[in-house]
Every structure is written in structure tokens, then in C-alpha cells.
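Below is one structure, written out as C-alpha cells; the observations come after it.
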Amino acid sequence: MAYQWTRTLRNGMSGNDVRELQIRVAGYAAATSSRTHITVDGQFGPATEGAVRRFQASYNLSADGVAGPQTHTALNNLEAADGSTRHFNWSEFHSRDGSRFSGGAVSATQVQENVRRLMYKLEAKRRKLGNIPLTINSGFRSRSHNSSVGGASNSQHLYGSAADVSSSTTPTRKANTARTCGFSGIIIYQTFTHVDSRAETTGGGYYWP
């Protein structure tokens with residue numbers, strides 16, 4: 001079921017609907033490479049307005065920074081019926097040991113919410129790359145699975161806020177695009193790129209190549 005937007009949102013407003021808006025436009029945190037992210041605090045300020053403008057421009061809407069009916073429709077078109085997003089499924093982010101979203105550093109419910117927020121950033125990244133499919137090599141990991149693959153003991157995968165992503169474009173290009181999408185962790189590997197939201201999830205600093 002699509003999110004029920006009940007009012008036009010603009011700079012200066014606050015509320016749970018602003019929080020939801022911030023989650024959905026978080027991947028439009030910057031126009032160029034910038035160590036910044038959208039704080040999901042329910043307060044519609046200049047950073048949120050800028051992200052809304054960039055989202056609107058990406059979807060050929062009037063880029064006025066005001067989230068009205070047309071913007072609401074565009075946002076809801078990215079939402080799947082089960083609460084995931086249009087181009088990503090929950091199962092893609094399940095721990096590969098069969099534990100789904102359980103057994104990590106936080107509750108399964110919190111992991112799923114972190115994954116949802118990650119999905120919207122990845123939707124933005126996908127669109128900025130020209131709508132090319134993105135393959136999730138690794139999403140959430142249970143502590144057991146993380147240990148078995150040699151993951152760091154404090155890995156963002158344990159929180160559901162990280163993804164290892166491959167696609168038809170180069171890892172470097174994916175990383176360059178991620179720098180505009182509000183990701184605070186970016187690591188380039190030979191065949192994939194790791195992205196995460198450590199600054200939001202655990203209060204860590206930025207880690208960029």
C-alpha cells in the first residue's frame with residue numbers, strides 16, 4: 001500500500017511525513033561529490049529542500065523544492081507493495097546463511113528499516129547511473145555469516161545499512177555516483193563497490209577512497 005501523503009510539504013514544516021520524505025529523497029543529498037547526508041529528523045530544512053529539488057529534476061518535475069501531489073506520486077512509484085522499492089527486493093538483502101534479517105547487531109525489525117532506507121539511496125544511485133540494473137552481492141549479514149566470510153567485527157552489514165553492489169558499469173563510476181547519494185562509507189573493490197550509511201547508523205565518520 002502506497003504511503004498516504006496528506007499535505008504538501010515545504011521548508012519549515014515538521015512531522016512524521018517529513019521523516020518519510022527525507023528517507024525517500026536521501027539519495028539526492030548532493031549535486032556533486034560531497035561528504036553530506038540527509039538527516040532523517042522530521043525537520044524540513046534547506047538540505048531536505050535541496051534533495052527534493054534534485055529528486056524532482058531527476059524525474060522531470062518542476063524543481064521547486066516543495067513536495068506536492070506530483071512529487072508524492074513519483075515517490076510512491078518507487079515503493080513496492082511489500083514496503084521494499086521498485087527495483088530492489090527484500091530477499092536480495094537477506095543474510096546468505098538463511099537467517100534473513102535476524103542475528104545481526106540490532107533487531108530484525110531495525111535491520112529491515114535500515115535496509116529500506118538503503119534501498120531508496122540505491123534507487124537514486126541506479127537512476128543517476130542511467131537506470132542500469134544493480135546486483136546486490138551482499139546486503140545484511142548475521143554475525144555468524146559475517147564471521148564466516150571474514151567481515152569486520154563492526155561491519156555495517158551487521159546493521160543492514162551496507163551493500164556490496166555490482167553492475168555493468170565500473171566500480172569506480174559507481175563509487176563516484178555514490179558520493180552524491182548520501183553514502184558515508186564507500187570502498188572500491190575490483191569487481192564491485194561497497195556503500196554504507198555508517199554516519200547515520202552508528203555515528204561513524206566518513207570513509208571514502
Side-chain angles (χ1 to χ4, degrees), residues 20-40 47-61 63 67 71 74-80 83-94 111-141 155-157 159-201 204 206-209:
E20 186 63 26
L21 175 67
Q22 290 169 325
I23 289 169
R24 298 188 183 210
V25 301
Y28 294 86
T32 58
S33 179
S34 179
R35 296 191 178 204
T36 187
H37 61 270
I38 301 302
T39 300
V40 180
T48 301
E49 181 178 357
V52 171
R53 288 182 187 275
R54 287 183 284 274
F55 174 86
Q56 291 169 326
S58 180
Y59 285 88
N60 301 311
L61 303 175
T71 300
L75 291 168
N76 280 354
N77 283 341
L78 288 175
E79 180 185 357
S84 61
T85 63
R86 182 171 184 175
H87 297 106
F88 298 99
N89 299 315
W90 295 121
S91 60
E92 295 180 84
F93 296 84
H94 284 163
V111 167
Q112 186 164 353
E113 174 60 15
N114 290 344
V115 167
R116 185 176 80 94
R117 297 185 183 200
L118 181 64
M119 285 177 169
Y120 277 105
K121 288 186 177 181
L122 290 171
E123 286 284 357
K125 180 179 177 181
R126 185 184 190 279
R127 188 162 183 85
K128 292 175 186 181
L129 286 169
N131 294 314
I132 63 172
L134 300 179
T135 299
I136 308 303
N137 298 336
S138 180
F140 167 69
R141 297 176 190 161
S155 172
Q156 289 297 307
H157 288 282
Y159 298 86
S161 63
D164 296 340
V165 184
S166 62
S167 71
S168 59
T169 192
T170 66
T172 298
R173 182 170 178 242
K174 287 197 294 292
N176 289 339
T177 302
R179 292 186 179 97
T180 71
C181 296
F183 289 111
S184 43
I186 302 172
I187 306 173
I188 302 173
Y189 292 92
Q190 187 172 359
T191 59
F192 66 91
T193 304
H194 167 98
V195 292
D196 67 56
S197 301
R198 64 187 64 195
E200 299 162 77
T201 306
Y206 277 68
Y207 186 91
W208 282 14

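Everything quoted here is computed from the prediction, not taken from an experiment. All values below come from the heavy atoms of this structure, side chains included, with hydrogens, waters and symmetry mates left out. Starting from 1, each residue takes its place in the sequence as its number.
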Contacts of K121 that satisfy salt bridge (charged side-chain N to carboxylate O under 4.0 Å, His left out) - sequence neighbours left out: E200
Sole candidate of R24, R116, R86 that passes salt bridge (Lys or Arg N to Asp or Glu O under 4.0 Å) when paired with E79: R24
Side chain to side chain, Y28 and R127, heavy atoms closer than 4.5 Å: yes
Beyond-backbone contact of F93 with L122, side-chain heavy atoms, under 4.5 angstrom: yes
Flag for N176-R179: side-chain donor and acceptor within less than 3.5 Å: yes
Any side-chain heavy-atom pair of F88 and L134 under 4.5 Å: yes
Chi angles and distances behind the side-chain contact (heavy atoms from CB on, under 4.5 Å) call for R141, S155: CA-CA 9 Å; R141 297 176 190 161; S155 172; 4.2 Å; yes
Residue pair E123, R126: steps toward the salt bridge (charged side-chain N to carboxylate O under 4.0 Å, His left out) verdict: CA-CA 5 Å; E123 286 284 357; R126 185 184 190 279; 5.4 Å; no
Closest heavy-atom pair and its distance - V165, K125: CB-NZ, 4.5 Å
Exam field: side chain S58 to backbone R54, donor-acceptor pair closer than 3.5 Å: no
Residue pair Y206, H37: steps toward the side chain to side chain donor-acceptor pair (under 3.5 Å) verdict: CA-CA 11 Å; Y206 277 68; H37 61 270; 2.8 Å; yes
M119 side chain near I136 side chain, heavy-atom distance below 4.5 Å: no
Within-4.5 Å side-chain heavy-atom neighbours: F55 and L75: yes
Enclosure of Y59 OH (heavy-atom neighbours >12, cutoff 6.0 Å): yes
Non-hydrogen side-chain atoms of F183 and L118 separated by less than 4.5 Å: yes
Heavy-atom side-chain proximity of D196 to S184 below 4.5 angstrom: yes
